[in-house]
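Indexing begins at 1, ligand by ligand and atom by atom, following the structure's order.
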Amino acid sequence: MNKKPLKNILVTGGAGFIGSNFIHYLLKTNENCQVVNLDSLTYAGYLENLRSVQNNPNYTFLKQDICDFDALKAVFIDYKIDTVVHFAAESHVDRSIANPGQFIQTNIVGTYNLLEIARSVWSENGGFDGKHFHHVSTDEVYGMLMMGDPAFTETTPYSPNSPYAASKASSDHIVRAYYHTFNLPVTITNCSNNYGPNQYPEKLIPLIILNAVSGKPLPIYGDGLQIRDWLYVEDHCEAILKVIKEGTLGETYNVGGGNQFPNIKIVKQICAFLDKELPTSPFVPHENLITFVKDRPGHDFRYDINFEKIKHELNWQPKFNLNEGLISTVKWYLSNRDWIESVTGKPIFQEWINNNYSDRKVAK
Ligand code: NAD
Ligand code: TYD
């Protein structure tokens, strides 16, 4: 996988879930590149995720907002950025339903800022040769499938349903337009649901693990039969790096785990692992904590992603099966109590839990 040497990489949103895993992955595999992590540290950004690399001479952290055009431009110039890996986003569907405005700012305007700065700074400094802008996106841009519908391919028309998905779809279109109009060297990945270490516990899998451990209800939206495709985060990081190094400019690559299961099955599997890991817990069997609650408005029924293109063109496929990935994730949350207490102890976390769940109550 060593085709293109990486030099000065700007990782946006590197303090979040996937971005922090990506920085660890990058520093493990490419010792000679300089990594600049630019993150505004919203509720979802947590520098503890990067504690073990904070003194690495190849790593720099900058607390900055991708909506601040002038400051962002200075970073491109000062750090001679030649590669951008763009993760920074508002990423939670439920928050986009509660408060869509910040999704428009960060996901759309922030992405435009990065593209426009890359275009102007790179044009004025040697042109686009050797430069690369990689945009990290989601399968949710394709909308939802019913049972029997074929999986999303890279040519499936966009049909986003939530404000989150619509803001990501919009950013994908702008990235694509910068390639077609200006020849900006871009690639895009559209990936399914990730899980693994460092995921903020507003998302299904970490929320279920943490609630189960402390004997709280496990909230299942609607009937729990909605289907997602699940990918272990390290596999996603590997796919992104492969696309940056070997992908064709201007192309989109779908990334998936090949693990499509209803939410209720994932939750029951987590409960079964916890029963084994914590046999003396008063909450065994953890499954008894499952509580069906009011559904998410506009809840997409099913996602399924066809990742044949990246498999055949770039020889990438997931290494972790769901069982291994879930066990390792459960173990990570069980052995990182400090991380959990620090994240969940913040008022902003409790506020979200109260806002999102207090009115949901039991649905059946
Ligand atoms: P996350 O919410 O855990 O992290 C987002 C990070 O971006 C945080 O560190 C936050 O502080 C930072 N950020 C937010 N707004 C910013 C701004 N205006 N300026 C600078 N930094 C800002 O998200 P994640 O789950 O790690 O997702 C990362 C990317 O991957 C997103 O673009 C998301 O759309 C995409 N994605 C996520 C998944 C998934 O399952 N989590 C799946 C496919 C694609
Ligand atoms: P989530 O982790 O929020 O990811 P996304 O909405 O991006 O797919 O949710 C995954 C699935 O789990 C989704 O179908 C919604 C469902 N879900 C619940 O049933 N209960 C919850 O408390 C949460 C957060 C999600």
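When Gln226, His92, His299 are ranked by how near their heavy atoms come to atom 14 (O) of ligand 2, first place goes to His299. The closest heavy-atom contact to atom 44 (C) of ligand 1, among the options Ala88, Cys191, Ser137, comes from Ser137. Considering only non-hydrogen atoms, atom 28 (C) of ligand 1 lies nearest to Phe87 out of Tyr164, Phe87, Phe103, Phe17. Residue Arg296 holds the heavy atom nearest to atom 3 (O) of ligand 2 of all those in Arg296, Glu140, Glu202, Arg228. Distances from atom 27 (O) of ligand 1 to the heavy atoms of Thr12, Asp229, Ile18 put Ile18 nearest. Nearest-residue assignment for atom 17 (C) of ligand 1 (options Ser40, Gly14, Gly19; heavy-atom criterion): Ser40. Counting heavy atoms only, Ala89 comes closest to atom 14 (C) of ligand 1 of the residues Ser91, Ala89, Gly13, Ala15.
In this structure, Phe349 has its ring center no closer than 6.0 Å to that of Tyr43. In this structure, the ring of His173 has its center less than 6.0 angstrom from the ring center of Tyr158.
Considering every non-hydrogen atom in both Leu72 and Asn113, the closest pair reads CD2-CB, 3.9 Å.
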### Message
Could you go through His135 and Thr187, starting from their C-alpha distance and side-chain angles, then the distance that decides it, and tell me whether this counts as side chain to side chain donor-acceptor pair (under 3.5 Å)?
### Response
CA-CA 6 Å; His135 179 60; Thr187 45; over 6 Å; no

### Derivation of the salt bridge (Lys or Arg N to Asp or Glu O under 4.0 Å) call for Arg302 and Asp304
CA-CA 7 Å; Arg302 171 177 166 243; Asp304 184 1; 3.1 Å; yes

### Task
May I have the step-by-step check of side-chain contact (heavy atoms from CB on, under 4.5 Å) for Phe307 and Cys191, ending in yes or no?
CA-CA 9 Å; Phe307 59 91; Cys191 186; over 6 Å; no

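Checked for salt-bridge contact, Lys346 and Glu351 miss the test: no charged N lies under 4.0 Å from a carboxylate O. Using a cutoff of 4.0 Å between basic side-chain nitrogens and carboxylate oxygens, Glu202 and Arg95 are scored as salt-bridged. With respect to the salt-bridge test (charged N to carboxylate O, under 4.0 angstrom), the residues Asp94 and Arg296 qualify.
Residue Asn193 touches ligand 2 through its side chain alone, judged by heavy-atom distances below 4.0 Å. Heavy atoms of Asn263 found under 4.0 angstrom from ligand 2 belong exclusively to the side chain. The residue Tyr164 has no part lying near ligand 2, judged by heavy-atom distances below 4.0 Å. The proximity of Leu207 to ligand 2, defined as any non-hydrogen pair under 4.0 Å, is limited to the side chain. Residue-level proximity to ligand 1 for Gln64 is carried by the backbone, the only part with a heavy atom below 4.0 angstrom.
Among protein heavy atoms, atom 19 (N) of ligand 1 sits closest to Ile66 N, 3.0 Å. For atom 30 (O) of ligand 1, the closest non-hydrogen atom on the protein side is Val136 CG1, 3.5 Å. Among protein heavy atoms, the minimum distance from atom 11 (O) of ligand 1 is reached at Asp39 OD1, 2.6 Å. At the shortest separation from atom 32 (O) of ligand 1 among protein heavy atoms lies Lys168 NZ, 2.6 Å. In terms of protein heavy-atom proximity, atom 22 (O) of ligand 2 is nearest to Tyr357 OH, 2.6 Å. The protein atom (non-hydrogen) at minimum distance from atom 10 (C) of ligand 1 is Thr42 OG1, 3.2 Å. The nearest heavy-atom contact from the protein to atom 19 (O) of ligand 2 is Tyr221 N, 2.9 Å. Protein heavy atom nearest atom 20 (N) of ligand 2, with residue, atom name and distance: Pro219 O, 2.9 Å. Annotation: atom 42 (C) of ligand 1 to nearest protein heavy atom, Ser192 O, 3.3 Å. The protein atom (non-hydrogen) at minimum distance from atom 2 (O) of ligand 2 is Leu204 N, 2.9 Å.
Every atom of ligand 1 is numbered from 1 in the order shown, and the set under 4.0 Å from a heavy atom of Leu41 is 11 (O). For ligand 1, the atoms closer than 4.0 angstrom to any heavy atom of Asn193 are 40 (O). Distances below 4.0 Å separate heavy atoms of Ile220 from the following atoms of ligand 2: 19 (O). Distances below 4.0 Å separate heavy atoms of Lys203 from the following atoms of ligand 2: 2 (O).
Rounded to the nearest 0.5 angstrom, Asp39 CG and Leu47 CG are separated by 7.5 Å. For the atom pair CD1 of Ile244 and NE2 of His132, the computed distance is 5.5 Å after rounding to the nearest 0.5 Å. How far CG of Leu207 is from CD of Gln199: 10.0 Å, rounded to the nearest 0.5 Å.
Between Val93 and ligand 2, no N or O atom pair is found at a separation short of 3.5 Å. The shortest N/O to N/O separation between Gly16 and ligand 1 falls below 3.5 Å. Between Gln102 and ligand 1, not a single N/O pair is under 3.5 Å apart. Considering backbone and side-chain N/O of Thr106, one or more are found under 3.5 Å from N/O of ligand 1. For ligand 1, the polar-atom distance check against Asp65 finds a nitrogen or oxygen pair separated by under 3.5 Å. Polar contact check, Gln199 against ligand 1: no nitrogen or oxygen pair lies under 3.5 Å apart. Residue Asn194 places at least one N or O, backbone or side chain, under 3.5 Å from an N or O of ligand 1. When only interatomic distances are considered, the shortest N/O to N/O separation between Glu202 and ligand 1 does not fall below 3.5 Å. Among the atoms of Tyr303, none of the N or O lies under 3.5 angstrom from an N or O of ligand 2.
Proximity of Lys203 to His92: side-chain heavy atoms (C-beta onward) are separated by under 4.5 Å at one or more points.
In the model, Tyr46 has a side-chain atom that pairs as donor or acceptor with a side-chain atom of Ser342 under 3.5 Å. Residues Asn161 and Asp300 bring a donor and an acceptor atom of their side chains to less than 3.5 Å of each other. Side chain to side chain, Ser40 and Thr42 fail the donor-acceptor criterion of an N or O pair below 3.5 Å.
Of the listed residues (Thr252, Val243, Asn254, Asn315), just one forms a side-chain contact (heavy atoms from CB on, under 4.5 Å) with Ile310, and that residue is Val243.
Aromatic ring orientation, Phe152 versus Tyr303: tilted (interplanar angle from 30° to 60°).
Geometrically, Arg360 engages Tyr221 in a cation-pi contact defined by less than 6.0 Å to the ring centre and at most 45° from the axis. A cation-pi arrangement is absent between Lys73 and Phe76 under the rule of less than 6.0 angstrom and at most 45 degrees off the ring axis.
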